[in-house]
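Labels below follow one simple rule: chain letters A, B, ... track the order of the sequence lines, proteins then strands, and each chain is numbered from 1. Excluded from the calculations below are hydrogen atoms, water molecules and symmetry mates; all remaining heavy atoms, backbone and side chain alike, are included. These figures come from a predicted structure and were not determined experimentally.
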Amino acid sequence: MTGADGTPLIVAALLLPLAGAAIAFAMPRTTRWVGIATAVVLLAVVVMLCGAVGAGGELSHAVGGWGAPLGIALRVDGLSAAMLLTTAAVSLAVAAYGRSYFRDESAGPAGFTPLSMLLIAGLNALFVSGDLFNVYVTLEVLGLSAAALVARAGTPEALTGAMRYLLVTVAASLVYLLGVALLYHLTGTLDIRLVGARLESGAAAWSAVGLIGAAMLLKSAVFPLHFWLPPAHANAPAPVSALLSALVVKASLYVLLRVWLDVLPAARADFGAVVGALGCAAVLWGSTQALRQDQLKLLVAYSTVAQVGYLFIPFAFTSAAAAGTAWRGAVYLVLCHALAKTAMFMSVGNIQLFGGDRIGELDRVVQRLPLTMAAFAVAGITVAGLPPSGGFVAKWLILEAAVQEGRWFVSAVVLVGGLLASIYVFRVIGPAFTKGAQPRQPRRVPNAMEWVAFAVALATVLLGFFGMPLLELIDAGAPFGNALEPER
Amino acid sequence: MSDAHAAAGALAARALLWIVLAGAGAMLATAVLSLPEDGLGLADETLADLGRTGVEHPVTAVLMNYRAYDTLLEMAVLFLALVGVWSMAEARPRPTAPPGLVLQFLTQLLVPFLILFAGYLLWAGAHEPGGAFQAGAVLAAAGVLVTLSGAQLPSVPRALHRSLLLLGLVTFAAAGVAVQLGGGAFLEFPPSAAKALILAIEAAAGISIGLGLVAIFEGGRPSEPESAPR
Amino acid sequence: MNATFLLPVLILLSSLVPGMIIFFLPEEWRTARTALNLFGAVLKVLLVGLVALGIASGEAYETRLPLVPGVDLALVIDPLAILLSVLSAVLWLVTTIYAVGYLEGSPDRSRFFGFFSICVTATVGVAMAGNLVTFLLFYELLTLSTYPLVVHRGTEVARRAGRAYLFYTLTGGVLLLAGIAWLYGIAGTLEFAPRGFLSELPADVHPELTAIFVLLIAGVGVKAALVPLHGWLPQAMVAPAPVSALLHAVAVVKAGAFGIVRIVQNVYGVEFSEELGVAGPLAAVASVTIVYGSLRALQQNDLKRRLAFSTVSQVSYIALGVAIAGPIASIGGLVHLVHQGIMKITLFFCAGNFAETLGVHKVDEMRGVGRRMPWTTGAFTVAACGMIGLPPLAGFVSKWYLGLGAAAVGDSWVILILIVSGLLNAGYFLPILYIAWFEAPPEPAEQTPRSGGRLETSWQLLLPPVATAALTLIVGLFAAAPWSPLRWVQLVASLGFAE
């Protein structure tokens, strides 16, 4: 189905952030407005695109008019649309926040706005791509821009974190490329669907999928490959941490999902249990580590390790119905967690700006920043999966699937992970209600930064009530449909 | 005592790592050995459709037509690399000491030829190996030589410099959108206009690539930022 | 979009919206805050009253919003929902007046009243929940919104109490969620039905249903303070008096008890619980709690702690009533939901008055308070006598029906429990009354920190306990009147049984 209506929207979603980056680069004076204007238009475009996908199912577009196998196909189904929507929403919030946060930055044409817009462009390009090599190119855009953004903090720790991140992500990309090369040799095409149709099970096919899987697990920081994440996310500037935790780690989940769903569904049966187990381990490990942190930002970063674990749990499900339910939940969690983490990192950014980011000394800080604290708390509800919040809806779906398949261990992990999350969230909230000494001379936190954080947090609560349209959108074009049957 | 333990632990970890790596290597070797001798590929299709691409050389057809979208994104990667470098630091000051005689002479001798050669590569790309990336690289070599020799590059306004750096990406994307507005797909160059369009894009891209590589070579954004935005 | 669809939502919004606005009001805007609070409280009473009248004349009120495929956010108002809604709406109004007076001049009032309003919203949401997921949603919202109230004072003790409270209730929430998810996997629905929705399931899932019952009851039992899950309740006493009043009378503890009622009556069904063999153990746990709470209350010298253990004991009457599995006992349990609320809120108001006006916190400091604060002490006396179960007060009605119900189904041991507990109640309340009325005050009577002019304390502190004490008397005296809680409860109980 070639949706004549949706095609310009797909291309617009690709080019808008590129255009934003170009304008911000060419005319640095406009940088404070370009980011937010681009993000607003992008959100509008993506919402229209979601409408088109929701109404008409999958949209596809053959770039250059060639079509697979010679050319590159763009495809947008419900899964892609949900990822695009997440990206657009987060980028708007981050653009609004970054305006104030980077008000005094001196990088001229090469500041936060062009880099973050390039990151968004890479994400959008990834989520609409239907081609394995094209995915590699988008991963390069992602990795480079993310590393450059982490380094923007300028501190030695940030540079170390950025360098480590860059090495990890480039190594993972190369491993991915090796997998793609194998697949190309086996099937003579790079189009994901065609590879899936032509690929026959065998040692080489398994190796290829295994390589791609390992690369993506590393990029998503799935336990025990999470070592690079906390230093990178904790030392980056707050809006960058938000982008990384909210979006970048999920990009690789998306790739893995596409490859396993569309290329070699059989892989799920054998690797699925392993990945699901890693997801469970990540939930427990990340949560306990978050409990032990003294530095606020590290706590939030470890929380990301834990939450990413949830996203990989559905790989473990084998029955069609349970896997479908769980995936719907996981994709919904991508959106909810993205917003919640954005709000959390923004709150932490406010607290750091105000002065102090040790949990032990929070009681001297948070009294003066009630709105920021409220944002953290409300976002924490989603992270802990408590109702009423989008996180609850998502975890309910995963739990429902786990019960349906009688996976008691998974159910227990989901529940215990939620409990641990509420404990570490309340470690931060608790001091808000105690009377600390007057803080040292605080720096003023711009109102906009507080309100943006709060608004994003509030959105996660609303997602707890109005999730149905989005859950239906995720199903558009049946992204999980073909993997759910035992045989293609 | 604990040191010994730690050392033993590190040794065990390293041994484990090697075991894992050996396993992965063995798996890969098996996989590669199991590959069919004559791997499938797209060579035949590439050649079959060459007539509609507007170029005669298959590699250029792949780069600028079949998979032009990948190339567009690669242009974005180059731009990104530049922005990344610029975002980190300001450029090192240029060497002020006069260069050696050899370098100066070579520069004066080579640079005009390099520029000419870049133009040739650009043109040749349609039917022989060559194209924007090669041309841009040669152009960049010229720029690097000039920089090293300490000669002043012609001073251009900053805004113009930045626009030239963007030229390739913008032209590429604009051409893609233009053909779409004309009723085709994104980046669907109509066979009649394909050659001209591709040449224009390659020229723009070549300039941007060359300038971009030089800018990256300088290791940072131009110093003394023009009145910081407020 | 007609009124029957809109009203449940409006009832929620009538406290939620004022609460949200109050958060952002500057601390000094006292009048605006109070006006907004009272406006919301009065509006809620009116709306709930309107709905109650509608229910009585056979209207149905239902609002649904699909949350995930197969599960709705369902607000369904049935007679049982009305019971808790009316109670919370009325007592919220009273407590608001009290809290305004009580917190006069203290810091962070906007924060306090904001969470206070959310807390009531959550309670009414618990009441109107039409299925288990909706119940859970508001139940957790209640947890989250009461935490700031418990730690409101900001002292180290308050923080510790808050931590304990959260640990208990969040763990309870997890158990509840586990039970609900498991149940959904088996039954495929979670909608409350008048007589439960599980009795049709095949017999081979009965062991699982039993396990789920344990999970669910443990989940709500934390808030209902069933022994041994009651540890948080006495600690939570550090909260300001209006919070304790609300916590014990309508909000947290009552939500737990209400959950037990919902689970026994509308999930499992009273008869099916009996058949499954889970009602008996529940009754036993409730009985243990009743006796244990009373025994602990006897040992407390701190007035609020004594009242707290009394709550542990009294709330389990509700669980006991529904667990006995007979229509008459159910009436006793359910009506105690209302009666205990009215009486306990009176007691906490009075304790707050003693503490605020005289600085009296301990029982043995209460010598002669009757002479210095006759109205407050009078109200305290009425409520305490009601708790003991003296006729014609509210508590008597509850215990009478509990006893009758137990006798009707042949559980005569329950009557023994009732007698023991009545004696114990007398044992920990009567000495207070004696000390307050008949012992001489310490000399000289200190200057009262807060004087209400001619009144013994400010009117905002005095009116609420006197009003609720009067209610204690009225619902007891006019228990047979057509509008009384008892009559309503008889309607509710009749729905839960076949004949």
Open item on the list: Counting only heavy atoms not in C/F167 (residues, nucleotides, ligands), do more than 12 fall under 6.0 Å from its CZ?
Closed with: no
How far does [atom1] of [X] sit from [atom2] of [Y], to the nearest 0.5 angstrom?
X: A/I423; Y: C/R163; atom1: CD1; atom2: CZ; value: 11.5 Å
X: A/W408; Y: C/W182; atom1: CH2; atom2: CH2; value: 5.0 Å
X: C/D72; Y: A/M468; atom1: CG; atom2: CE; value: 8.0 Å
X: C/L144; Y: A/L386; atom1: CG; atom2: CG; value: 5.5 Å
X: C/F24; Y: A/L371; atom1: CZ; atom2: CG; value: 5.5 Å

Task: Smallest separation among heavy atoms of A/L471 and C/P69, with atom names - done: CD1-CD, 3.9 Å
Open item on the list: Within the structure provided, determine whether C/E140 and A/P388 are in side-chain contact (heavy-atom separation under 4.5 Å).
Closed with: no
- [ ] Report yes if the side chains of A/W396 and C/V68 come closer than 4.5 Å at any heavy-atom pair, otherwise no.
- [x]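 Heavy-atom side-chain distance check passes, below 4.5 Å.
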[X] versus chain A, the contacting section by heavy-atom distance below 4.5 Å:
X: C/L65; result: side chain
X: C/Y139; result: neither
X: C/L136; result: both
X: C/T171; result: both
X: C/L166; result: side chain

Contact part of [X] toward chain C, heavy-atom cut-off under 4.5 Å: side chain, backbone, both or neither?
X: A/L415; answer: both
X: A/F392; answer: side chain
X: A/E400; answer: side chain

- [ ] Could you have a look at A/F426, A/F466, A/Y332 and say which one has the most heavy-atom pairs with chain C under 4.5 angstrom?
- [x] A/F426
TODO: Determine, stepwise, if the pair A/V403 / C/Y184 fulfils side chain to side chain contact (heavy atoms under 4.5 Å, CB included).
DONE: CA-CA 9 Å; A/V403 171; C/Y184 186 62; over 6 Å; no
- [ ] Give the member of C/A158, C/G185, C/P66 that has the highest number of heavy-atom pairs under 4.5 Å with chain A.
- [x] C/P66
